[in-house]
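Proteins get letters first, then strands, A, B, ... in listed order; numbering begins at 1 in each.
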Amino acid sequence: MRLSKAFIPTLKEVPADAVIPSHILMIRTGMVRMLSAGIYSYLPIGYSILKKINNVIREEMDAIGGQEFHLPALNPRELWERTDRVEAFGDTMFHIKNRDYVLAPTHEEVMTFHAKGVIKSYKEMPQIWYQIQTKFRNEARPRSGVIRGRQFLMKDAYSFDSSLEGLDESYDKHYNAYKKIFDRCGIKYFIVGASSGAMGGSKSEEFMVKSDAGEDTVAYCEKCGYAANVEVAQSDVENIKREENSKEVYDIHTPDVKSIDELCEFLSINESQTAKSRVYIHDEKPVLILMSGNDEVNETKLEAVLGGEIRPGHPEELLEITGADAGSIGPLGFKYRILADNRLKEANNLFSGANKNDYHIGGIDMKRDVPSVEYFDLRSAATGEKCVRCGNEIEVFKAIELGHIFKLGTKYSTGLGANFLDENGADHPIIMGSYGIGIDRVLACYVEQNFDEKGIVWQGELTPFDIHLLALNIKKDPVRETSESIYQKLTDSGIRVLFDDRKDAQAGFKFNDADLMGFPIQVIVGEKNLKENLVEIKVRKTGERFKVEVENLFDKIKELLSDWKEKK
RNA sequence: CGGGGCGUAGCGUAGUCCGGUUAGCGCGCCUGCUUUGGGAGCAGGAGGUCGCAGGUUCGAAUCCUGCCGCCCCGACCA
């Protein structure tokens with residue numbers, strides 16, 4: 001491909017709207033342009049990478065017996081009403097105004113519709129059906145470029161089985177295929193067990209990528225692979241140790257002391273000697289939550305314990321309930337249910353609020369003074385704590401969901417009446433799984449993981465070009481002739497070359513564009529080196545440069561490219 | 001949907017508080033000459049419904065009202 005003829009509009013300046021690295025770089029390298037919030041056009045270079053991702057996915061899906069479909073995005077609303085998902089999706093689903101159609105945000109309904117009446121016998125299963133197609137979701141707030149859009153590309157697959165064992169097999173096939181897909185795309189990911197939410201069903205796992213642009217927060221152990229959404233993640237933290245002698249409780253005047261940090265400073269004590277109080281309202285009744293020191297209450301865990309929705313108490317409510325403002329609230333004299341985090345089980349000689357403004361209480365013994373307390377795991381795991389599985393340090397960070405696999409069960413087959421006959425001629429709903437990959441996110445995540453201050457660093461299977469050939473001053477005959485013949489030879493032997501043959505671009509301009517686009521090997525043809533019969537090679541990732549004689553260039557490049565293939 | 005910010009040429013922006021030249025600058029673009037190993041120099045040039053609509057005023061990018069769009073934080077998210 002000749003850059004003088006290719007439409008790859010690179011930008012020197014950063015567009016004001018883009019904030020995260022992948023978004024900035026995808027715009028600057030001419031991969032995408034925004035049409036409207038959360039709606040992006042792919043330009044040729046971006047689309048060529050999407051096609052590579054799709055090919056990887058197709059190969060791995062076909063390898064597990066997947067059969068590719070192409071379903072309509074325009075769906076009759078009535079179909080979605082049969083599974084109650086018009087209501088479930090609510091405003092997230094786009095509705096067509098002048099006919100009773102919706103734009104499909106996913107395709108369980110349509111796939112099940114086609115399975116019904118076609119798959120009639122247990123003998124016809126398992127089936128794995130998939131497609132790569134545009135999805136529409138009316139996101140309230142699209143963000144992070146292509147990562148959360150109103151229109152996006154998704155590979156969605158559905159499995160149909162006659163038994164739970166069959167579903168397990170189909171699920172495992174996808175699990176392994178997904179690992180191969182993301183490995184081949186050169187993406188570093190990890191797998192998190194997840195709650196299956198509105199999809200219904202029994203088991204699901206998410207394929208996640210660490211990124212500040214992510215929308216989920218997860219705890220992860222590098223050593224053993226333990227990974228969990230922070231909403232449910234556990235960590236091994238030492239319980240507060242019991243001191244030998246329990247003191248009597250006593251009031252302390254603590255003017256203007258609100259936070260645990262202020263309390264520790266005021267009394268010159270350690271955080272571990274304090275208990276923080278939070279009041280939540282559950283089922284219209286107050287509940288006091290006691291946490292050690294600055295540990296944060298994990299509201300998801302708390303909701304699981306209490307069963308039902310909770311909300312933090314308003315300031316006025318707190319005063320009414322406890323007689324004090326937040327910052328002076330504590331367990332002693334609290335008239336309602338009290339829960340405490342497991343870490344406080346044995347604790348004594350604790351400091352906590354006195355339920356009287358500007359006062360705290362010392363010498364609290366959980367066993368003696370708070371007898372009605374119930375203990376649960378209520379804290380959020382944090383970076384640096386010990387992994388519950390292997391004891392190594394865990395890390396808590398944000399992550400992007402790249403793929404999600406579900407054991408659906410029979411929700412959709414029951415809803416749409418997709419049944420089959422078993423060996424005994426008895427009727428059963430088909431047992432389903434569903435499996436998705438966000439294609440745009442694969443691209444964005446690759447970029448998020450592979451860039452430096454100069455631009456993107458391409459390597460591996462998604463790389464659009466192997467060689468970026470730069471003819472520095474192409475108006476000079478030797479430069480033109482040599483670079484043209486190098487281009488011919490490399491291209492003829494199947495190597496993918498982007499040839500910067502622009503006549504009026506300065507050397508620096510070409511260097512910076514090459515670093516920005518970041519293809520693995522740059523071959524630099526310049527007048528000075530040519531006088532000594534040399535051209536320069538620069539390895540984008542390492543910045544390493546060396547000169548080779550023109551005649552040896554081809555072999556050297558072959559060598560570099562095959563080295564990388566072996567390393568993979 | 002709640003909070004905050006923004007909207008001026010293809011991109012990045014100044015000017016807006018305090019109304020008053022022909023709306024300024026950088027990049028990019030066009031023409032010519034020079035230059036050519038890290039985003040060139042000189043000369044000339046094109047390009048603007050100042051987001052949209054209404055209002056106030058002798059006069060509006062600037063003030064007022066309404067609407068639209070975009071970004072960030074939060075809520076939501078199969």
Side-chain angles (χ1 to χ4, degrees), chain A residues 9-20 23-24 27-28 30 33-39 80 83-93 104-109 135-145 147-150 152 154 156 158 194-201 204 206 212-216 229 231 299 311 400-401 403-406 408 411-412 433-438 453-455 470-476 479-480 500 502-516 522-531 534-536 538 543 545 547:
Chain A
T10 58
L11 291 179
K12 189 163 112 182
E13 288 185 278
V14 180
D17 285 347
V19 173
I20 64 163
H23 190 196
I24 291 171
I27 292 175
R28 288 193 59 205
R33 289 287 186 270
M34 187 178 80
L35 181 63
S36 176
I39 306 178
W80 289 77
T83 52
D84 290 328
R85 289 175 109 201
V86 173
E87 200 188 340
F89 271 102
D91 195 45
T92 302
M93 186 151 67
T106 174
H107 277 86
E108 279 79 9
E109 277 77 1
K135 307 293 185 211
F136 298 88
R137 294 184 192 178
N138 184 24
E139 297 291 350
R141 176 150 102 85
R143 70 191 83 173
S144 306
I147 289 174
R148 188 178 189 76
R150 293 207 170 111
F152 55 96
M154 180 165 156
D156 48 320
Y158 306 86
S195 65
S196 38
M199 295 297 282
S204 84
E206 295 175 329
D212 288 336
E215 301 183 301
D216 295 282
N229 197 298
E231 290 179 352
E299 297 186 356
R311 62 171 178 84
I400 296 169
E401 178 190 338
H404 205 157
I405 54 178
F406 291 95
L408 282 179
K411 176 178 159 70
Y412 299 96
S434 89
Y435 316 89
I437 292 177
E453 66 284 350
K454 288 278 191 181
L470 293 80
L472 289 192
N473 184 356
I474 200 165
K475 287 178 183 168
K476 303 283 184 187
V479 174
R480 190 184 65 251
D500 193 343
R502 291 174 296 183
K503 289 196 172 58
D504 39 14
Q506 296 277 121
F509 200 96
K510 293 186 177 186
F511 285 133
N512 283 308
D513 258 357
D515 287 343
L516 177 63
Q522 296 172 13
V523 174
I524 301 156
V525 182
E527 201 180 11
K528 283 175 197 164
N529 282 331
L530 267 190
K531 282 178 182 157
L534 296 171
V535 292
E536 187 174 339
K538 175 178 165 183
R545 304 152 170 275
K547 293 173 184 175

> Starting at CZ of A:Arg148 and ending at C1' of B:G74, how long is that distance when rounded to a whole Å?
Replying inline: 13 Å
> Under a 3.5 Å cut-off for both distances, is B:A60 Watson-Crick or wobble paired, and to whom?
Replying inline: none
> What nucleotide, of B:U13, B:C70, B:A75, holds the atom closest to the side chain of A:Ser36?
Replying inline: B:C70
> Which one is paired to B:C77, where only Watson-Crick or G-U wobble pairs with both distances under 3.5 angstrom count?
Replying inline: none
> Taking atom C1' in both B:C71 and B:U35, what distance in whole Å separates the two?
Replying inline: 41 Å
> For every nucleotide of nucleotides 27-37 of chain B, 5' to 3': is a protein heavy atom under 4.0 Å from its base (B), only from its sugar-phosphate (S), or from neither (-)?
Replying inline: --------BBB
> Side chains of A:Ile474 and A:Arg502: does their closest heavy-atom pair fall under 4.5 Å?
Replying inline: no
>> Are the side chains of A:Arg28 and A:Ile24 in contact, using a 4.5 Å heavy-atom criterion?
In response: yes
> So what does A:Pro105 touch, heavy atoms closer than 4.0 Å: a base, only the sugar-phosphate, or nothing?
Replying inline: base
> With both distances under 3.5 angstrom, what nucleotide forms a Watson-Crick or G-U wobble pair with B:G12?
Replying inline: B:C25
> How long is the line joining CZ of A:Phe89 and C1' of B:C76, in whole Å?
Replying inline: 13 Å
>> Looking at B:C52, which nucleotide sits across from it as a Watson-Crick or G-U wobble partner, both distances under 3.5 angstrom, or is there none?
In response: B:G66
> Taking atom P in both B:U22 and B:C67, what distance in whole Å separates the two?
Replying inline: 35 Å
> How about A:Lys135 and A:His107: do any of their side-chain heavy atoms sit closer than 4.5 Å?
Replying inline: yes
>> Using the rule given for side chain to side chain contact (heavy atoms under 4.5 Å, CB included), can you reason through A:Val535 versus A:Asn529, listing the C-alpha separation, both sets of side-chain angles and the distance that settles it, and then say yes or no?
In response: CA-CA 6 Å; A:Val535 292; A:Asn529 282 331; 6.0 Å; no
> Rounded to whole angstroms, how far apart are CD on A:Glu215 and C1' on B:C72?
Replying inline: 13 Å
>> Rounded to whole Å, please give me the gap between CZ in A:Arg150 and P in B:G69.
In response: 9 Å
>> If I take atom CD in residue A:Glu299 and atom P in nucleotide B:A75, what distance separates them, rounded to the nearest angstrom?
In response: 10 Å
>> Within the 4.0 Å heavy-atom criterion, would you say A:Phe152 contacts the bases, only the backbone, or no part of the nucleic acid?
In response: base
>> Categorize A:Thr10 for me: base, sugar-phosphate, or nothing, with a 4.0 angstrom heavy-atom threshold over every strand shown.
In response: nothing
>> Please report the distance separating the P of B:C52 from the corresponding atom of B:A43, rounded so that it comes out in whole Å.
In response: 35 Å
>> Using side-chain heavy atoms (C-beta onward) and a distance below 4.5 Å, is A:Ile147 in contact with A:Ile20?
In response: yes
> Is A:Arg85 paired with A:Glu108 through a side-chain N to carboxylate O contact shorter than 4.0 Å?
Replying inline: yes
> What do the steps show when you test A:Tyr412 against A:Tyr158 for side chain to side chain contact (heavy atoms under 4.5 Å, CB included), and what is the final call?
Replying inline: CA-CA 11 Å; A:Tyr412 299 96; A:Tyr158 306 86; over 6 Å; no
>> Can you tell me which nucleotide in B:G39, B:C70, B:G74 comes closest to the side chain of A:Arg141?
In response: B:G74
>> Give me the distance, rounded to whole Å, that separates B:C70 from B:C64 when you measure between the C1' atoms they each carry.
In response: 24 Å
>> Run A:Glu401 and A:Glu215 through side chain to side chain contact (heavy atoms under 4.5 Å, CB included) and show every step you take.
In response: CA-CA 8 Å; A:Glu401 178 190 338; A:Glu215 301 183 301; over 6 Å; no
>> Working note: A:Lys538 + A:Asp515, criterion side chain to side chain contact (heavy atoms under 4.5 Å, CB included); need CA distance, chi angles, decisive distance, verdict.
In response: CA-CA 10 Å; A:Lys538 175 178 165 183; A:Asp515 287 343; 3.1 Å; yes
>> What is the distance, to the nearest angstrom, from the CZ atom on A:Arg33 to the C1' atom on B:C70?
In response: 16 Å
>> Could you tell me how far B:G28 sits from B:A40 if I compare only their C1' atoms? Round to whole Å.
In response: 14 Å
> Heavy atoms under 4.0 Å, any strand shown: does A:Lys538 hit a base, just sugar-phosphate, or nothing?
Replying inline: base
>> Under 3.5 Å for both donor-acceptor distances, Watson-Crick or wobble: does B:C17 have a partner, and if so which one?
In response: none
> Quick one: A:Lys135 NZ to B:C77 C1', roughly how many Å, whole number?
Replying inline: 17 Å
> Is B:U31 paired to anything, Watson-Crick or G-U wobble with both distances less than 3.5 Å, and if yes, which nucleotide?
Replying inline: B:A43
>> Using the C1' atom as the point on both nucleotides, what is the distance between B:G54 and B:A60, in whole Å?
In response: 13 Å
> Looking for any heavy atom pair under 4.0 Å, which part of the strands does A:Asp513 touch: base, sugar-phosphate only, or nothing?
Replying inline: base
> How far, in whole Å, is B:A53 from B:C68 if one measures between their C1' atoms?
Replying inline: 10 Å
>> Once you apply a heavy-atom cut-off of 4.0 Å, does A:Arg28 come out as touching a base, just sugar-phosphate, or nothing?
In response: base
>> Measuring only the P atom in each nucleotide, how far is B:A61 from B:G20? A whole number of Å is fine.
In response: 10 Å
>> So A:Asn512, base contact, sugar-phosphate only, or nothing? Heavy-atom distance under 4.0 Å.
In response: base
> How do A:Lys510 and A:Ala16 order along RNA chain B: which one's closest nucleotide is nearer the 5' end?
Replying inline: A:Ala16
> Could you give the CG-to-P distance, from A:Asp212 to B:C72, as a whole number of Å?
Replying inline: 14 Å
> Under 4.5 Å between any side-chain heavy atoms of A:Phe511 and A:Leu472, yes or no?
Replying inline: yes
